[in-house]
K.L.:
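The following block contains the structure, expressed as structure tokens.
What's counted below: heavy atoms across the whole structure, side chains too, no hydrogens, waters or symmetry copies. Computed from a predicted model, the values in this text were never measured in an experiment.
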Amino acid sequence: MPIPCVASSTALLTLVLAGGALPPRLRLLRAFPDAGAALRAGPSAWRAAGCTPVQCARLALPDVVYLKHALAWLADQRHHLLGLTDPDYPALLAQIEEPPLALFVDGEPARLWHPAVAVVGSRSPTAGGREHAQAFAMALARDGWSVVSGLATGVDAQAHDGALQVPGGMTVAVVATGLEQTYPRQHAALHARIAANGAVVSEYPPGMPAIQAHFPARNRIIAGLSLGTLVIEAAQRSGALITARCAAEAGREVFALPGSIRNARARGCHRLIRQGAALVEEPAEVTAGLTALAQTLAGALRTRLDAPTEQARPAPGRAPSYTDPDYQCLWKALDDDPTGMDSLIQRSGLTAAQLSAMLLVMELDGKVMAAYGRYCRKP
């Protein structure tokens, strides 16, 4: 994935750092080819988009301290910034009503395109809730799903850890602070493991502390990155219910695990079920409920692969041709025995980003099977 130039990063960061209501800045970014053009359009265009006087002032003169801090963070090759108009911005997230202007990513941005299930729930689950979160996450990861959650204590942490226990398992954490810090602090080691095997993402720039109002807002990103949301345990007033609502509003599936009528932490799940969420008792029911939606992601990925980048592309307007040289190279690198990503990189000479995108298309087309982070030809 190409590293954005400093100029484009600075322009995008200026839009992010302007703060305030999101819709005016979204309108501004969508009205111009890129963030730089939006800034060059000047105050009249900013006001026409609905920006307040405070936002206009910050667009004209961004906070230098935050700007330098963010640019220094981006200098690390593991750190990335994806703007809403960037072709690598995750397609599913772009479809929600108010997508983030930009995503700060610690890890591999291509992981944000992988078919995912959000697993969320109580910060203080029962022992059974912790076991269910880990068991479902492990099963979903074994089936090739990425597990998305919020790095919070309780169900979130158990879900991330469960996915990481599976060889090749992927997980994505969405946080509500700048990515140079971890909240809560005791999850610093977990943050590092997730970044090394998946991605940790935030819409907030480096240097942003934990602010209570930011946590409900990040739940829409958890739901937006995922084809479906699974709620393990949730009380009547729970952030997990916000994530479930965001998923439903985005047209995604919502699943809930039932519990004892005497368990206050199960009442939110029961409420979701009464409202139409799918009652599930095993991970296979989640997978079965997401098959149709997975085709939406497949279509979006094919569109992405048609974009002009250094990666192998099919001809515009059609599904990938498996006679294209890079697809042929990958096909030859695969065999009937499951093969890990490192071996496929060595055999094919393709990059991890190229392989991730191509393997996903081939998997969704029924050409490739994935299990435990390994890939083989489908009989």
K.L.:
Run the side chain to side chain contact (heavy atoms under 4.5 Å, CB included) test on Val200 and Val172 for me, step by step, so that the C-alpha distance in whole Å, both residues' side-chain angles and the decisive distance to 0.1 Å come before the verdict.
P.N.:
CA-CA 6 Å; Val200 183; Val172 171; over 6 Å; no
K.L.:
Any donor and acceptor pair, going by atom type alone, linking the side chain of Gln165 with main-chain N or O of Gly162 inside 3.5 Å?
P.N.:
no
K.L.:
Once rounded to the nearest 0.5 Å, what's the spacing between atom CZ of Arg27 and atom CG of Leu29?
P.N.:
12.5 Å
K.L.:
If you take all heavy atoms of Leu101 and Leu15, which pair is closest and at what distance?
P.N.:
CD1-O, 3.9 Å
K.L.:
What do you reckon, is CD of Glu97 surrounded by more than 12 foreign heavy atoms closer than 6.0 Å?
P.N.:
no
K.L.:
Using side-chain heavy atoms (C-beta onward) and a distance below 4.5 Å, is Leu82 in contact with Pro90?
P.N.:
yes
K.L.:
How many angstroms lie between atom NE2 of His114 and atom CE of Met170, to the nearest 0.5 angstrom?
P.N.:
3.5 Å
K.L.:
Under 4.5 Å between side-chain heavy atoms, counting indirect links through other Ile/Leu/Val/Met/Phe/Trp/Tyr residues: same cluster for Phe136 and Leu279 or not?
P.N.:
no
K.L.:
Which atom pair, heavy atoms only, marks the closest approach of Trp113 to Asp88?
P.N.:
NE1-O, 3.0 Å
K.L.:
Does a side-chain heavy-atom distance below 4.5 Å link Thr339 with Tyr375?
P.N.:
no
K.L.:
If every non-hydrogen atom of Val155 is compared with every non-hydrogen atom of Val120, which pair is closest and at what distance?
P.N.:
CG1-C, 3.4 Å
K.L.:
Taking all non-hydrogen atoms of both residues into account, name the closest pair between Gln181 and Met208 and its distance.
P.N.:
NE2-O, 2.6 Å
K.L.:
How far does CG of Asp86 sit from NE2 of His80, to the nearest 0.5 angstrom?
P.N.:
11.5 Å
K.L.:
Given 3.5 Å as the limit, does a donor-acceptor pair link the side chain of Arg220 with the main chain of Cys246, or not?
P.N.:
no
K.L.:
Taking side chain as C-beta onward, heavy atoms only, is Leu290 less than 4.5 Å from Phe255?
P.N.:
yes
K.L.:
Any heavy-atom pair between the side chains of Arg58 and Leu17 that's under 4.5 Å?
P.N.:
no
K.L.:
How far does CZ of Arg267 sit from CZ of Arg274, to the nearest 0.5 angstrom?
P.N.:
10.5 Å
K.L.:
Would you find more than 12 non-hydrogen atoms of other residues, nucleotides or ligands less than 6.0 Å from Gln212 atom CD?
P.N.:
no
K.L.:
Taking the side chain as everything from C-beta on, heavy atoms only, tell me whether Val105 gets closer than 4.5 Å to Leu179.
P.N.:
no
K.L.:
Checking Thr229 against Glu253: is there a side-chain donor and acceptor pair closer than 3.5 Å?
P.N.:
no
K.L.:
Indicate, with yes or no, if the rings of Phe104 and His79 have centres closer together than 6.0 Å.
P.N.:
no
K.L.:
Between Glu233 and Arg123, is the closest basic N to carboxylate O distance under 4.0 Å?
P.N.:
no
K.L.:
Has the side chain of Arg111 got a donor or acceptor atom that lies under 3.5 Å from a matching backbone atom of Gly198?
P.N.:
no
K.L.:
Answer with yes or no whether the side chains of Glu108 and Asn197 bring together a donor and an acceptor at under 3.5 Å.
P.N.:
no
K.L.:
Looking at Leu140, Val148, Leu164, which one forms a side chain to side chain contact (heavy atoms under 4.5 Å, CB included) with Thr171?
P.N.:
Leu164
K.L.:
So, for Arg377 and Lys332, which heavy atoms are closest and what is the spacing to 0.1 Å?
P.N.:
NH2-CA, 3.9 Å
K.L.:
Hey, does the side chain of His214 reach the backbone of Thr177 with a donor-acceptor pair shorter than 3.5 angstrom?
P.N.:
no
K.L.:
Would a distance-only check, ignoring hydrogens and angles, find a side-chain to backbone donor-acceptor pair under 3.5 Å from Glu180 to Trp73?
P.N.:
no
K.L.:
Say whether His187 and Asp156, considering side chains only, have a donor N or O and an acceptor N or O under 3.5 Å apart.
P.N.:
no
K.L.:
Is there a side-chain contact between Leu230 and Ile232 (heavy atoms, below 4.5 Å)?
P.N.:
yes
K.L.:
Around Tyr183, counting heavy atoms of other residues, nucleotides and ligands shown, do more than 12 lie under 6.0 Å from its OH?
P.N.:
no
K.L.:
Would you say Leu257 and Val231 make side-chain contact, with heavy atoms under 4.5 Å?
P.N.:
no
K.L.:
So, taking the atom named CD1 in Ile221 and the one named OG in Ser226, what distance separates them when rounded to the nearest 0.5 Å?
P.N.:
11.5 Å
K.L.:
Is Arg347 salt-bridged to Asp335, cutoff N-O under 4.0 Å?
P.N.:
yes
K.L.:
Applying side-chain hydrogen bond (donor to acceptor under 3.5 Å, both in side chains), run through His191 and Asp106 and close with a yes or a no.
P.N.:
CA-CA 9 Å; His191 178 134; Asp106 183 2; 3.2 Å; yes
K.L.:
Taking Ser202 for its side chain and Tyr204 for its backbone only, find out whether a donor-acceptor pair lies under 3.5 Å.
P.N.:
yes
K.L.:
Given 3.5 Å as the limit, does a donor-acceptor pair link the side chain of Arg130 with the main chain of Pro125, or not?
P.N.:
yes
K.L.:
Just grab all the side chain to side chain donor-acceptor pair (under 3.5 Å) pairs involving residues 30-56, residues at least two apart or on different chains.
P.N.:
none
K.L.:
Considering non-hydrogen atoms only, spot the tightest contact between Ser149 and Ile222 and give its length.
P.N.:
C-CD1, 4.0 Å
K.L.:
Please round to the nearest 0.5 Å and tell me the distance separating atom CD of Gln134 and atom CG of Asp161.
P.N.:
5.0 Å
K.L.:
Looking at Asp143 and Trp145, would you say the former's side chain and the latter's main chain have a donor-acceptor pair under 3.5 Å?
P.N.:
no
